[in-house]
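Structure, as structure tokens:
If you're wondering where the values come from, they're calculated on a predicted model, not measured in any experiment.
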Amino acid sequence: MSFPISLPALKVLQPLGEFYVAVLPAEVLLQVTYSDPLRIVSFSVTGEYELKGHQRKLVQDRLKAIGRYIDTVEAAFPNSIILAANYREDGQLEEDERIRWAVKFSSDNGAVGTLHIPSPNKVAAIVDGQHRLYGFNEASMAGRLKMPLLCAIYLDLPNPFQAYLFATINYNQKPVDKSQTYELYGFNLEEEPPEAWSPEKAAVFLCRKLNTDPTSALKDHIIVAAQDVVEATARSQKGEWAVSTATIVEGLLRLFSSNPKKDRDLMHRKELDKGRDRKLLINEAPKDKSPLRKYYLESNDLLIFTLTKNFFNAVARVLWAGSSRSFIRKTVGVQALFDVFRVLCKEAIEARDISEEFFSRRLKICKEIDFTVDFFEASGRGRQRIRNAIELKLGLKQLAEIDEADRPTYKKTCGLA
């Protein structure tokens, strides 16, 4: 597109003010917009300071991740990029009519008008969506810069209101529940061949199987997001333990992918029926050292399931029996067990013995650990302490590697000499 540019714009009137909805190609937006980062511009002798801008610092890793997503065949950006037009990068209102953006209507009460962008001058501040837009600089697929993007454009919106709008949008956003997100990844598992499953989809499949297989110790102990919260609370009151889908899926993912999002984006460069396959990752992401990576790439989900099921069956036999107060049956305990499993699964494969008995023999010595003591708290630190205790008992870690202040407690709770 060459300047000047004219295109349709829809007027939207809300309490904060009037804005216009329009569609612009990414390549045009990259020319005419800028990011206004939050920064200190001056200090006073009393220690007070003046702030300008509102945007967060651009994160290069995030831009690269978005660029990979843009290169996929399923790239979609339905949310609008919010712009504040007619302010220069120095924060001053642009008054030159040869540069100012404007919307004109054919009638006084019309809702659809025409947006005019006279020149490529950067006079549109990005209020929200900078990473989405600048991710296009990291995309490599031909033609992606021409992708049309939905924009909500404010004209002459003062800087304080730009900052207010940014803060309000980002403060009020509530992340989607992780378990629900993972369940949605696996929504159409039956419609895709297993070879085309991204790491998230493979992990969701395995999680569902662990929760439904009658020979699995995890059967009916994994809460899905769709279940009523009341049901989950009732379980807890009855002393029945359960962990979230997210806990299991994330534990499984770490067995065969160190960067699931990157793997998914690489696979989704291909259409489902035009070559999408896990084998695409053999050459594209060869540095992944996850312990069961080889079997994921071979679509050997049965081996991954069997290993995981047998490990947790052994855990149930050796470590989960007894008091319901034990931290080893809570989320931090299951997370720590997955940490240990990453090491033990490699031992099992090297020994050519992936049976439940192998893991039971290996874990038997850990039965002496008292996981009910408050030292193993329900927190990130508690997860590490549970992992340390098991690894100390298994000889995978030495007491000298533990914080000196904690050594007496580990010796007591683990029965170490």
Side-chain angles (χ1 to χ4, degrees), residues 1-3 5 7 22-37 55-83 117 120-122 124-151 181 184-185 188 192-193 195-203 253-254 256-290 293-294 296-299:
M1 299 178 74
S2 58
F3 294 88
I5 293 171
L7 45 88
V23 176
L24 284 161
E27 60 184 350
V28 171
L29 288 171
L30 288 170
Q31 289 183 72
V32 299
T33 64
Y34 63 90
S35 178
D36 191 14
Q55 283 288 352
R56 289 170 285 207
K57 182 180 179 182
L58 287 169
V59 180
Q60 197 61 35
D61 286 347
R62 187 177 174 194
L63 293 175
K64 289 180 179 178
I66 293 172
R68 290 194 299 269
Y69 171 69
I70 291 168
D71 281 335
T72 69
V73 297
E74 297 169 357
F77 294 98
N79 289 352
S80 62
I81 293 172
I82 304 176
L83 306 176
I117 305 176
N121 290 64
K122 291 184 180 295
I126 302 173
V127 175
D128 191 63
Q130 61 170 355
H131 281 92
R132 269 173 284 158
L133 177 56
Y134 293 140
F136 279 85
N137 286 326
E138 304 296 330
S140 58
M141 187 173 289
R144 282 298 191 247
L145 285 174
K146 298 189 181 300
M147 185 188 296
L149 297 174
L150 183 66
C151 300
T181 300
L184 291 173
Y185 272 130
N188 63 337
E192 296 184 14
E195 295 79 14
W197 289 347
S198 66
E200 292 108 333
K201 287 201 171 183
L253 276 172
R254 293 180 64 242
F256 47 79
S257 178
S258 60
N259 193 333
K261 188 175 184 300
K262 182 177 180 180
D263 285 342
R264 169 166 46 89
D265 289 345
L266 288 171
M267 289 178 67
H268 285 208
R269 288 184 178 182
K270 298 283 188 180
E271 296 279 358
L272 187 59
D273 57 348
K274 294 181 181 178
R276 184 183 300 174
D277 193 287
R278 304 183 197 188
K279 290 186 174 67
L280 291 169
L281 303 176
I282 293 174
N283 295 323
E284 300 249 28
K287 297 180 181 179
D288 196 310
K289 303 300 181 184
S290 303
R293 179 71 166 184
K294 173 178 181 289
Y296 165 74
L297 295 177
E298 293 173 353
S299 298

Kindly determine whether R293 and D263 satisfy salt bridge (charged side-chain N to carboxylate O under 4.0 Å, His left out), including the steps that lead there. CA-CA 12 Å; R293 179 71 166 184; D263 285 342; 2.7 Å; yes
Who pairs with A76 by side chain to side chain contact (heavy atoms under 4.5 Å, CB included), at least two apart in sequence or on another chain? Y69, P78
Of all residues at least two apart in sequence or in a different chain, which pass the side-chain hydrogen bond (donor to acceptor under 3.5 Å, both in side chains) check with S140? D71
Under the salt bridge (Lys or Arg N to Asp or Glu O under 4.0 Å) test, residues paired with E195 that sit two or more places apart: none
K64 atom NZ: more than 12 heavy-atom contacts under 6.0 Å: no
Who pairs with P120 by side chain to side chain contact (heavy atoms under 4.5 Å, CB included), at least two apart in sequence or on another chain? F3, Q31
Taken in chain and number order and not counting sequence neighbours, the residues that satisfy salt bridge (Lys or Arg N to Asp or Glu O under 4.0 Å) with K261 are D265
Has the side chain of R62 got a donor or acceptor atom that lies under 3.5 Å from a matching backbone atom of H131? no
Side chain to side chain contact (heavy atoms under 4.5 Å, CB included) with L150: which residues, sequence neighbours excluded? V21, V23, S80
Could you tell me which residues satisfy salt bridge (Lys or Arg N to Asp or Glu O under 4.0 Å) with E192, sequence neighbours excluded, listed by chain and number? K201
Which residues pass the salt bridge (Lys or Arg N to Asp or Glu O under 4.0 Å) test with E200, sequence neighbours left out? R264
Would you please name every residue forming a side chain to side chain contact (heavy atoms under 4.5 Å, CB included) with L145, sequence neighbours left out? E27, L30, F136
Is any side-chain heavy atom of L83 closer than 4.5 Å to a side-chain heavy atom of L29? yes
Quick one: list whatever passes side-chain hydrogen bond (donor to acceptor under 3.5 Å, both in side chains) with K270, sequence neighbours left out. none
